[in-house]
Amino acid sequence: DSDKMLFGTGSDLQIHHDGGDSFIRDTGTGNLFLDSDVGNIYLRVSGNENALEAVQDGAVTLYHNNAAKLATSATGISVTIEDDLYLDSDGAVIHFGEDADTVLTHVHDTGLRLEDSRKMLFGAGADLEIYHDASDSYIKESGTGDLLIQTVGNKIVLSDTTAGSMIWAESSAVRLY
């Protein structure tokens with residue numbers, strides 16, 4: 001214990017065990033490389049629990065408790081989420097598409113924003129669309145069914161800030177104002 005293997009003129013690379021822990025330490029001015037010309041590189045805990053796997057000409061996979069959580073591929077990354085995903089930043093932005101043509105932005109204490117003319121699509125055939133085109137806002141239903149607006153309250157109000165409103169009230173006629 002506590003003996004060191006020293007490499008380099010200034011003992012720049014050290015390998016040692018201090019009685020409790022083992023260390024590989026680079027104390028020089030350069031970088032520390034783990035290099036494999038003919039195979040993969042694995043970082044393991046307890047001899048058989050993967051922490052990181054780097055496959056030659058392939059994916060790099062990060063593990064938590066021996067379960068793959070993030071993996072690279074030729075087309076991007078795959079993330080395995082079992083509970084919640086947190087983007088811990090106000091104004092966090094997610095870009096979608098090869099040329100990042102669709103952007104989803106977190107707006108502090110408000111919600112999520114899509115840029116103009118980008119649609120939220122619902123249903124296997126994108127039967128329901130919600131979007132804004134820089135001038136007008138749309139809720140468009142194009143499937144085989146109806147567009148249903150339901151409430152557990154006693155009225156539905158469609159309101160315009162300048163021209164008036166239309167109210168459907170429980171057990172009464174539609175009123176126009």
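Index from 1, following the sequence.
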>> Just by distance, no angles: are the side chains of Tyr138 and Glu129 close enough, under 3.5 Å, to form a donor-acceptor pair?
In response: no
> Linking I/L/V/M/F/W/Y whenever any side-chain heavy atoms sit under 4.5 Å apart, do Leu121 and Val103 land together?
Replying inline: no
> For Thr72 and Ala59, which heavy atoms make the closest approach, and how far apart are they?
Replying inline: O-CB, 3.0 Å
> When you look at CD1 of Ile156, are more than 12 heavy atoms from neighbouring residues, nucleotides or ligands closer to it than 6.0 Å?
Replying inline: yes
> If you take all heavy atoms of His132 and Ser137, which pair is closest and at what distance?
Replying inline: ND1-OG, 2.8 Å
> What pair of heavy atoms forms the shortest contact from Ser11 to Thr27, and how long is it?
Replying inline: O-OG1, 3.4 Å
>> Is it the case that the side chain of Thr102 and the backbone of Phe96 share a donor-acceptor pair, with hydrogens and angles ignored and the cut-off at 3.5 Å?
In response: no
> Any side-chain heavy atom of Leu70 sitting closer than 4.5 Å to one from Val60?
Replying inline: no
> To the nearest 0.5 Å, how far apart are CD1 in Ile81 and CG in Asp83?
Replying inline: 9.5 Å
> NE2 of His17: more than 12 outside heavy atoms within 6.0 angstrom?
Replying inline: yes
> So, Tyr131 versus Asp133: side-chain donor-acceptor pair below 3.5 Å or not?
Replying inline: no
>> If you count every heavy atom of other residues, nucleotides or ligands that lies below 6.0 Å from Lys69 atom NZ, does the total exceed 12?
In response: yes
> Do Leu52 and Tyr42 come close enough that some side-chain heavy atom pair is under 4.5 Å?
Replying inline: no
> Counting only heavy atoms not in Ile24, do more than 12 sit closer than 6.0 Å to its CD1 atom?
Replying inline: no
>> Using 0.5 Å steps for rounding, measure from the OH atom of Tyr63 to the OG1 atom of Thr80.
In response: 10.0 Å
>> Is it true that, when you exclude Gln56 itself, more than 12 heavy atoms of the residues, nucleotides or ligands shown sit nearer than 6.0 Å to its CD?
In response: yes
>> Rounded to the nearest 0.5 Å, what separates atom CG in Asn50 from atom OG1 in Thr61?
In response: 9.0 Å
> Do Leu43 and Leu32 share a hydrophobic cluster, counting only Ile, Leu, Val, Met, Phe, Trp and Tyr and linking them when any side-chain heavy atoms are less than 4.5 Å apart?
Replying inline: no
> Would you say Arg113 and Leu104 make side-chain contact, with heavy atoms under 4.5 Å?
Replying inline: no
> Can you tell me how far the CD atom of Glu141 sits from the CG atom of Leu147, to the nearest 0.5 Å?
Replying inline: 6.0 Å
>> A quick test of your reading: do over 12 heavy atoms of other residues, nucleotides or ligands sit less than 6.0 Å from CZ of Arg44?
In response: yes
